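Letters A, B, ... mirror the listed sequences (proteins, then strands); counts begin at 1. Being a predicted model, the structure only gives us computed values, none of them experimental.
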Amino acid sequence: METIISTALQESIKELYNEDISIDKSYIQRTRKDIEGDFTVVIFPFLKIAKKSPDAAATEIGESLSSKLACHYQVIKGFINLSFADIQWLQFLNKNWKNDQFGYWPQKNRAPILIEYSSPNTNKPLHLGHIRNNLLGSSISRILKACGEQTICVNLVNDRGIHICKSMLAWQKFGNGETPETSNLKGDHLVGKYYVIFDQEYKKQIKILVEQGISEKEAGKKAPILLEAQEMLRRWEEGDRDIISLWKKMNEWVYQGFEITYQELGIHFDKTYYESETYLLGKQLVEEGLHQGAFYRKEDGSVWVNLNDEGMDEKLLLRQDGTSVYMTQDLGTASLRFDEFHPEKMIYVVGNEQNYHFDVLKIILSKKLKKSFGNHIHHLSYGMVELPSGKMKSREGTVVDADNLMEEMIVAARRNTQELGKTDFSNEEAECLYRMIGLGALKYFILKVDPKKNMLFNPEESIDLNGNTAPFIQYTYARIRSLLRKADKEGLSIPLAAPTELTIPKMEKELIKLLYDFPQIIENAGTTYSPAVIANYMFDLAKAFNRFYQETPIFKETSLELKIFRLQISHFISIVLRNGMALLGIDLPEKM
RNA sequence: GGUUCCGUAGCUCAAUGGAUAGAGCAACUGCCUUCUAAGCAGUAGGUUGAUGGUUCGAUCCCAUCCGGAAUCACCA
């Protein structure tokens, strides 16, 4: 409809003022809900052309538009509010109310969009920060699919390096052969436990050294256990068989643990890269850059790029011993992926602490190496998750563990449901419901915040299940499903004959208009990479339905036509709630 | 110190440069002889960090200042 209005507006301006203008999207918007009308045209931008007072111009344009579009208009303070006939809204309803795919756009014929997220280290379990990353990544990939894009989800597991060696060493020294089975710990938690033990031992040794009169900085470098870990890394790189096999064993434990967490969160990947397989990549690109003169070698043999002309510093690309750094690897993996998939875009879901890194990465690829795919990289930078107590610090034990958190949410859901006296479920149904509610609440709590922004995670609030939460929306859905079951019993099941002529009551009109927005909302969420757009819309829709539900008893309605009409809308809303929540990875219950 | 991001109700968050800045939580007042009260209706709560500028119009764009965060490693 917006496009129709837009075209009409363009014609009107041409006829009235003989000017060709391009219609900016912002000139046409939905009418505020406290004002009569469906769409609003802002006329201020045309005043210069019209050379008239706002009201005079608005009336003139409104008159012209209403005759073109067969709609009513009303001018208030320089805004033209257009109202379309009920029949047009009924047509929209009748065309779409049974469409299970409503809101999802048809498949575009384009190169895929590659999206990397999660990217964990293998020395400790996932925490709250990873949860935000994973939820954002998976949700955005679903949103892009709903926008008609083809997506490829990839994970880049950081399975090598000094951190995993620390866990390995501590396990060797203090583990007594402990395994996930013997300790009854999830593999990632077990490995994480030894990472902590390493750190404790390391600190102990530093303290001793300091007591012997060595400076703290020096002690930090010379603690024997650290030297041992470094030695272990060296041996890993040489391919030492014992080290490699220990490394494989412990990583395997971690993967089994991650798998459980991913499954619980509803995360999956089309492809997983391991850093142990990619960390040597990129050197070739650096050589290439050296040849082109884009990079330079210092006397000690290390390779650098000078980004002064971009307002940045010099950046190291190869160490003096010729080994690669993070940037080298990222240059390599970007190149690898581009060759592999020729994607339209490569999206990296990575925290905003790495903004600088990605700026540099893009500049090196596009400006220095003249690789076109440098411009295809998009760093989807999200804000940190903070706790009421401040920042999460793994060494201080203030991290919120992902597995524990999910479990607590489910427990809270159980407690809440039972307190409300909702016990009309089989055990199996009940457990399934608690999971749905607990995990839904968690996902929604995190996804409803604009990704760019830092967010505060208050455990008590996140467990709250009232107000702007997933359970509120789930509850709304369950209410509708209950309505529809009742309709079924009364012989009013789905292939209803839909009314084609009807005066639409105010509240129903509002609902239809909200439903009408859904495809645009998805598109908007896709272009801004923001699940929060979907979440906020879901809440608005659920709230509007609940108001309607509370004030409008459907089955007491004597007019069969109206009754059916309201059931249609309810059914339609249930579809939109389901399709929208699916994009957030949240399931909805039939009963709750 | 350089660069970047962020400051909106007591708290958590909304608001493609548009009309009277909105929700939820917390507080207070009502509504279950019931299509599910995890709900609905209402009250109260704001100099959108500050000051200038651009504009018909600024929470949004620009400048300066104040406050907070991130980053500036031969870490990842």
Side-chain angles (χ1 to χ4, degrees), chain A residues 24-27 29 31-32 34-35 40 42 44-45 47-48 54 76-79 81 119 121 158 161-163 275 298 300-304 311-313 315-321 323-327 329-330 351-357 359-360 381 383-384 386 388 391 413 416-417 419-420 422 424 437 441 445 448-450 452-458 460-462 464-469 471-476 478-487 490 524 527-528 532-533 535-536 539-540 542-543 546-557 566-567 570 591-592:
Chain A
D24 191 284
K25 256 190 177 172
S26 65
Y27 300 168
Q29 49 199 242
T31 303
R32 287 165 48 127
D34 52 335
I35 290 172
T40 293
V42 183
F44 292 104
L47 287 184
K48 272 187 189 144
I76 304 175
K77 290 196 240 174
F79 296 88
N81 299 309
S119 309
N121 290 356
N158 185 5
I162 191 72
H163 48 271
E275 208 189 285
K298 282 193 178 173
D300 63 8
S302 56
V303 177
W304 297 72
M312 292 164 160
D313 292 332
K315 191 83 192 168
L316 177 87
L317 294 177
L318 282 180
R319 295 192 183 96
Q320 56 174 303
D321 62 6
T323 56
S324 47
V325 291
Y326 186 37
M327 184 60 74
Q329 299 171 34
D330 260 3
N352 61 14
E353 59 208 345
Q354 292 192 31
N355 285 354
Y356 180 73
H357 171 79
D359 286 346
V360 171
S381 161
M384 298 290 99
E386 283 161 25
K391 219 171 293 176
N416 224 282
T417 306
E419 272 171 15
L420 287 168
K422 308 209 174 197
D424 187 22
I437 295 173
F445 188 87
K448 76 176 175 186
V449 181
D450 184 336
K452 290 197 298 287
K453 297 196 173 174
N454 286 357
M455 66 175 290
L456 187 89
F457 185 87
N458 187 329
E460 282 165 34
E461 269 179 39
S462 71
D464 195 353
L465 309 177
N466 299 313
N468 188 0
T469 63
F472 172 86
I473 296 161
Q474 291 170 318
Y475 180 69
T476 308
R479 276 181 150 178
I480 298 178
R481 297 301 299 168
S482 170
L483 269 185
L484 297 175
R485 281 193 298 271
K486 183 166 178 178
E490 297 201 2
N524 185 9
T527 50
T528 56
V533 171
N536 290 327
F539 178 59
D540 285 343
K543 204 163 35 140
N546 276 322
R547 192 163 52 234
F548 161 74
Y549 176 91
Q550 204 89 22
E551 290 180 23
T552 320
I554 292 175
F555 289 99
K556 281 186 190 155
E557 177 57 55
R566 288 176 178 151
L567 285 169
S570 302
K591 279 197 288 182
M592 82 182 261

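Within the 4.0 angstrom heavy-atom criterion, only backbone atoms of the sugar-phosphate kind lie near A/Glu461; the bases stay farther away. Residue-level contact check: A/Asp300 touches the bases, meaning some heavy atom is under 4.0 Å from a base atom. Nucleic acid contact for A/Ile35: base, since at least one base atom lies under 4.0 Å from a heavy atom of the residue. Nucleic acid contact class of A/Pro54 (heavy atoms, under 4.0 Å, all strands): none. Contacts of A/Ser381 with the nucleic acid, taken as non-hydrogen atoms under 4.0 Å apart, are absent. The residue A/Phe44 sits close to a base: some heavy atom pair falls under 4.0 Å. Looking at heavy-atom distances under 4.0 Å, A/Asn81 makes contact with a base.
For the atom pair A/Arg481 CZ and A/Gln474 CD, the distance stands at 14.5 Å (nearest 0.5 Å). Atom CD1 of A/Ile437 sits about 4.0 Å away from atom CE of A/Met592, to the nearest 0.5 Å.
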request  = Using a 4.0 Å heavy-atom cut-off, write out nucleotides 33-39 of chain B from 5' to 3' as B (base contacted by protein), S (sugar-phosphate only) or - (no contact).
outcome  = --BBSBB
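Separating the NZ atom of A/Lys48 from the P atom of B/U55 is a distance of 9 Å, rounded to the nearest angstrom. We find that CG of A/Asp34 is positioned 8 Å from P of B/G22, with the value rounded to whole Å. If you measure from atom CD of A/Glu275 to atom C1' of B/A76, you get 7 Å, rounded to the nearest angstrom. In this structure, A/Glu353 atom CD and B/C6 atom C1' are separated by 16 Å, rounded to whole Å. A/Leu456 has its CG atom 6 Å from the P atom of B/U12, to the nearest Å. For A/Asp313 and B/C74, the CG to P distance is 11 Å, given to the nearest whole Å. Atom-to-atom, CD of A/Glu386 to P of B/A69 comes out at 9 Å; the value is rounded to the nearest Å.
At most 12 non-hydrogen atoms from other residues, nucleotides or ligands lie less than 6.0 angstrom from CD of A/Glu460.
Here the separation of B/A9 from B/A76, taken at their C1' atoms, is 41 Å to the nearest Å. Between the P atoms of B/G46 and B/G22, the separation comes to 14 Å (whole Å). The P atoms of B/G10 and B/A37 are separated by 33 Å, rounded to the nearest whole Å. For the C1' atoms, the distance from B/U59 to B/G17 is 11 Å, rounded to whole Å. Straight-line distance between the C1' atoms of B/C75 and B/U12: roughly 34 Å, to the nearest whole Å. A gap of 23 Å separates the C1' atoms of B/U33 and B/A38, to the nearest Å. With P as the reference atom, B/A15 and B/G57 are 25 Å apart, rounded to whole Å. Rounded to whole Å, the P atom of B/A27 lies 44 Å from the corresponding atom of B/A63.
A donor N or O paired with an acceptor N or O is not found under 3.5 Å between the base of B/C5 and the side-chain atoms of A/Asn355.
For A/Lys77 and B/U20, the shortest distance from a side-chain N or O to OP1 or OP2 is below 4.0 Å. For B/G18, the OP1/OP2 oxygens have no side-chain nitrogen or oxygen of A/Arg32 closer than 4.0 Å. For B/U12, neither phosphate oxygen OP1 nor OP2 lies less than 4.0 angstrom from any side-chain nitrogen or oxygen of A/Lys453.
Ion pairing of A/Lys298 with A/Asp300 is absent here, as no side-chain N (NZ or NE/NH1/NH2) approaches a carboxylate O to less than 4.0 Å. Classification of A/Arg32 and A/Asp34 as a salt-bridged pair holds, one side-chain N sitting under 4.0 Å from a carboxylate O.
A donor-acceptor pair under 3.5 Å is absent between the side-chain atoms of A/Thr323 and the main chain of A/Arg319, judged by distance alone.
Here the closest non-hydrogen pair linking A/Met384 and A/Asn454 is N-OD1, 2.9 Å.
The six-membered or imidazole ring of A/Phe44 lies away from that of A/Tyr27, with a centre-to-centre distance of 6.0 Å or more.
Judged by a 6.0 Å distance limit and a 45° cone about the ring axis, A/Lys448 is not positioned over the six-membered ring of A/Phe539.
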